[in-house]
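Hydrogens, waters and symmetry mates play no part in the numbers below; they use all other heavy atoms, side chains included. Throughout, residue positions are numbered sequentially from 1 according to the sequence presented.
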Amino acid sequence: MNNRLSQKTLSQSKITRPHYDRTTLRTGVMHLGCGSFHRTHQAVYTDLALERSGGNWMIEAVSMRSGNIASSLNPQDGLYTHVERGAQNPTAHIIGSIKKVHVLPNIRKKIIGLMLRKNIRIISLTVTEKAYCLNLETGGLDLENSEIVHDLNSLSFPRTVPGILVAALNECRNTGKAPFTILSCDNLANNGRVLRRIICDFAKIKKPELAEWIKETVKFPSTMVDRITPAPTSKTISDASELSGLTDFSPVESEPFSQWVIEDNFPEGRPDWHGEGLVFTSDVSPHEEMKLRMLNGTHSMLAYSGIITGQKYVKDVMAVPVHAQMVRHYLNAAKNTIQPIKGLDLNLYANQLYERFANPAIAHKLEQIAMDGTQKIPQRIASAASDALELGLDIGAFSFAIASWMRYCTGRDDLNRPFKIIDPRAEEITYSLRKAKSAPEIYFSLSQLAGLFPERLTTDDTWKKEVISYLSVMLKEGMAKAGTMYKNELCP
Ligand code: CS2
């Protein structure tokens with residue numbers, strides 16, 4: 001049995017490991033949401049930055065709900081193995097940028113104090129779309145969300161992400177601490193601007209002068225983040241141990257590809273982030289739109305349609321020729337809705353995405369992608385569909401994707417096996433479908449969910465006809481038949 005990975009055993013590692021002095025460097029970043037993606041992405045870039053330039057930029061991460069990561073990572077002094085799976089044999093590195101993991105339910109009374117420490121200069125987030133408490137209709141804070149109502153009534157022990165950030169900024173203002181830069185790393189269009197709006201909406205209700213101060217003083221750079229990161233499995237643990245010679249109970253795995261496009265606006269400084277795929281720019285929005293519509297839109301389409309045919313992983317869907325052709329076509333359709341971006345070859349990007357999805361070494365679960373559809377569809381699929389209509393382009397790919405999501409919302413696959421719909425609006429979905437059986441009934445019920453589809457789509461007859469037509473084939477003849485219909489009608 002190998003020794004367990006920790007600061008003490010680190011020197012026994014057979015693979016690349018941090019050389020910087022982790023014990024003396026101080027924390028500069030507090031990160032909310034310590035999921036696998038944070039650990040294959042921002043923490044890896046920060047590890048490289050510390051390796052090259054040092055600095056007090058260690059990360060303290062906060063798990064928002066469960067204590068699992070903290071209980072496996074803290075005994076390892078925050079160290080973990082990052083396994084990369086590409087065309088060759090897996091490779092691995094030991095990442096040292098995380099100092100400690102906190103668990104929010106255990107530090108509710110302390111979290112603001114932790115953020116207020118002098119050396120904390122960045123608060124970053126990977127909390128997933130739903131944690132922003134965004135009202136999809138207004139684009140501002142969801143004032144009907146019960147947790148938000150709780151936090152608005154008392155900011156002493158906030159429960160929500162907007163509540164925590166406003167309470168911390170309020171203390172910065174009261175104590176004269178220079179405010180930290182707030183860095184959203186979630187898959188939302190204009191993530192920085194969206195977060196700023198939500199925080200200001202919240203602050204305005206509590207204290208209008210705080211909202212003004214935030215607007216003037218606090219920076220919310222937008223970012224585009226990208227790295228396919230399946231949930232770790234027992235194979236991740238065994239590969240990590242084999243490669244490093246140390247036992248690690250909390251390794252992560254990802255594809256080799258990685259990209260991070262950041263608006264460089266950090267008044268209090270930042271780590272010396274660099275490395276493969278790191279780009280600083282003054283405007284992230286075209287990169288974000290490209291990634292959300294091409295990568296994430298295609299991902300959602302293939303997840304919903306794949307689940308209905310009984311598939312489990314993205315790579316399985318890509319191994320079915322008709323499905324793979326649809327993916328190729330969808331990528332192209334999404335690409336055509338995007339304005340050309342200077343310096344970026346969108347055809348090359350589409351080809352890379354196709355290869356990345358097909359990577360046989362990555363077992364990326366479809367259900368991981370399918371979850372939280374109501375939070376993902378607007379920026380991934382609906383906006384592209386609406387622009388396609390506006391531009392007079394074919395909308396077949398998008399109507400198929402939405403029909404697949406609607407089919408998924410019925411909660412049974414083509415073999416009539418039930419599955420759980422994981423979505424913060426799952427109850428609303430089930431309620432709205434309680435009497436709907438036919439394709440038009442399902443279409444009308446789900447189209448009425450507030451904030452999901454822009455009016456441009458719901459008032460368009462061709463859109464309605466196409467979605468209903470695909471959905472009806474999916475319901476009566478199965479997803480494979482609908483896929484063949486897509487292929488025959490759309491793929492050259
Ligand atoms: C996926 C993303 O789970 C999902 O919805 O589409 O997590 C995707 O893998 C990442 O955005 C890739 O960077």
Over 12 non-hydrogen atoms of neighbours within 6.0 angstrom of NZ in Lys99: yes
Step by step, would you call Ile98 with Arg39 a side chain to side chain contact (heavy atoms under 4.5 Å, CB included)? CA-CA 9 Å; Ile98 297 186; Arg39 297 200 285 139; 3.9 Å; yes
Between Asp239 and Lys235, does at least one N-O distance fall below 4.0 Å, as a salt bridge requires? yes
Step by step, would you call Ser300 with Arg380 a side-chain hydrogen bond (donor to acceptor under 3.5 Å, both in side chains)? CA-CA 8 Å; Ser300 292; Arg380 295 182 176 202; 2.9 Å; yes
So, do Val101 and Ser63 sit near enough that their side-chain heavy atoms are less than 4.5 Å apart? yes
Residues Thr40 and Thr229: side-chain donor-acceptor under 3.5 angstrom: yes
In plain terms, say whether Asp387 and Arg456 are close enough for a salt bridge, that is, a side-chain N and a carboxylate O under 4.0 Å apart. no
Apply the test salt bridge (charged side-chain N to carboxylate O under 4.0 Å, His left out) to residues Lys130 and Asp423: give CA-CA distance (whole Å), side-chain angles for both, the deciding distance (0.1 Å), then the verdict. CA-CA 9 Å; Lys130 57 182 175 284; Asp423 193 295; over 6 Å; no
Return the OG1 to CZ distance between Thr24 and Arg22, rounded to the nearest 0.5 Å. 10.5 Å
Separation between CD (Gln311) and CG (Asp413), nearest 0.5 Å, reads 10.5 Å
Phe257 vs Asp226 side-chain heavy atoms within contact, under 4.5 Å: yes
Let me see the working for Arg159 and Asp151 under salt bridge (charged side-chain N to carboxylate O under 4.0 Å, His left out), right down to the final yes or no. CA-CA 7 Å; Arg159 291 184 192 160; Asp151 281 2; 5.5 Å; no
Proximity of Tyr330 and Phe400 rings by center, below 6.0 Å: no
Could you check whether atom OH of Tyr431 has more than 12 heavy atoms from other residues, nucleotides or ligands sitting under 6.0 Å from it? no
Evaluation steps, salt bridge (charged side-chain N to carboxylate O under 4.0 Å, His left out), between Arg117 and Glu60: CA-CA 12 Å; Arg117 284 172 294 170; Glu60 275 177 50; 3.1 Å; yes
Donor-acceptor contact present, side-chain Asp142 to main-chain Asn135, <3.5 Å: no
More than 12 heavy atoms of other groups within 6.0 Å of Glu209 CD: yes
Among Phe280, Trp57, Phe266, find the one that has a ring-ring contact (aromatic ring centres under 6.0 Å, His included) with Trp273. Phe266
Answer yes when Arg293 and Glu289 have at least one side-chain N-carboxylate O distance shorter than 4.0 Å, and no when they do not. yes
Would you call the rings of Trp463 and Phe453 parallel, tilted or perpendicular, where under 30° means parallel and over 60° means perpendicular? tilted
Test salt bridge (charged side-chain N to carboxylate O under 4.0 Å, His left out) on Asp201 and Arg197; report intermediate values, then the result. CA-CA 6 Å; Asp201 280 1; Arg197 159 98 193 262; 3.5 Å; yes
Taking everything shown except Glu441 itself, do over 12 heavy atoms lie less than 6.0 Å from its CD? yes
For a 4.5 angstrom cut-off between non-hydrogen side-chain atoms, does Asp186 reach Tyr132? yes
Drop me the distance from Leu79's CG to Thr9's OG1, to the nearest 0.5 angstrom. 8.0 Å
Test side-chain contact (heavy atoms from CB on, under 4.5 Å) applied to Pro271 and Leu48, Asp47, Ile122, the passing residue: Ile122
Ion pair check, Glu171 and Lys177, cut-off under 4.0 Å: no
Answer yes when Arg227 and Glu84 have at least one side-chain N-carboxylate O distance shorter than 4.0 Å, and no when they do not. yes
Do Trp213 and Arg173 have side-chain heavy atoms sitting under 4.5 Å apart? yes
Could you tell me whether the side chain of Ser154 and the main chain of His150 form a donor-acceptor pair under 3.5 Å? no
Does Lys365 NZ have over 12 foreign heavy atoms under 6.0 Å away? no
Less than 6.0 Å separating the ring centroids of His299 and Phe357? yes
From CG (Leu134) to CD (Glu129), nearest 0.5 Å: 10.0 Å
Can you tell whether the side chains of Lys291 and Glu288 come within less than 4.0 Å, N to carboxylate O? no
Taking the side chain as every heavy atom from C-beta outward, state whether Leu165 and Ile182 have any atom pair closer than 4.5 Å. yes
Using the side-chain contact (heavy atoms from CB on, under 4.5 Å) definition, which of the options Leu169, Leu32, Val62 pairs with Met115? Leu32
Enclosure of Arg434 CZ (heavy-atom neighbours >12, cutoff 6.0 Å): yes
For the atom pair OG1 (Thr128) and CE (Met64), what is the distance rounded to the nearest 0.5 Å? 9.5 Å
Are Tyr45 and Ser97 side-chain neighbours, meaning at least one heavy-atom pair lies under 4.5 Å? no
Say whether, by atom type as modelled, one donor and one acceptor occur between the side chain of Asn191 and the main chain of Thr223 under 3.5 angstrom. yes
Lys376 and Asn296: side-chain hydrogen bond (donor to acceptor under 3.5 Å, both in side chains), yes or no, with the steps? CA-CA 9 Å; Lys376 295 174 173 175; Asn296 298 112; over 6 Å; no
Just verifying a value: how many Å separate Ile362 CD1 and Ser254 OG, rounded to the nearest 0.5 Å? 6.5 Å
Would you call Leu449 and Ser447 a side-chain contact if the rule is heavy atoms closer than 4.5 Å? no
Close side-chain approach of Lys109 and Phe157, heavy atoms under 4.5 Å: yes
Please find out if less than 6.0 Å separates the ring center of Tyr80 from that of Phe249. no
State whether Lys100 and Asp77 are salt-bridged, where the test is any N-O pair (Lys NZ or Arg NE/NH1/NH2 against Asp/Glu carboxylate O) under 4.0 Å. no
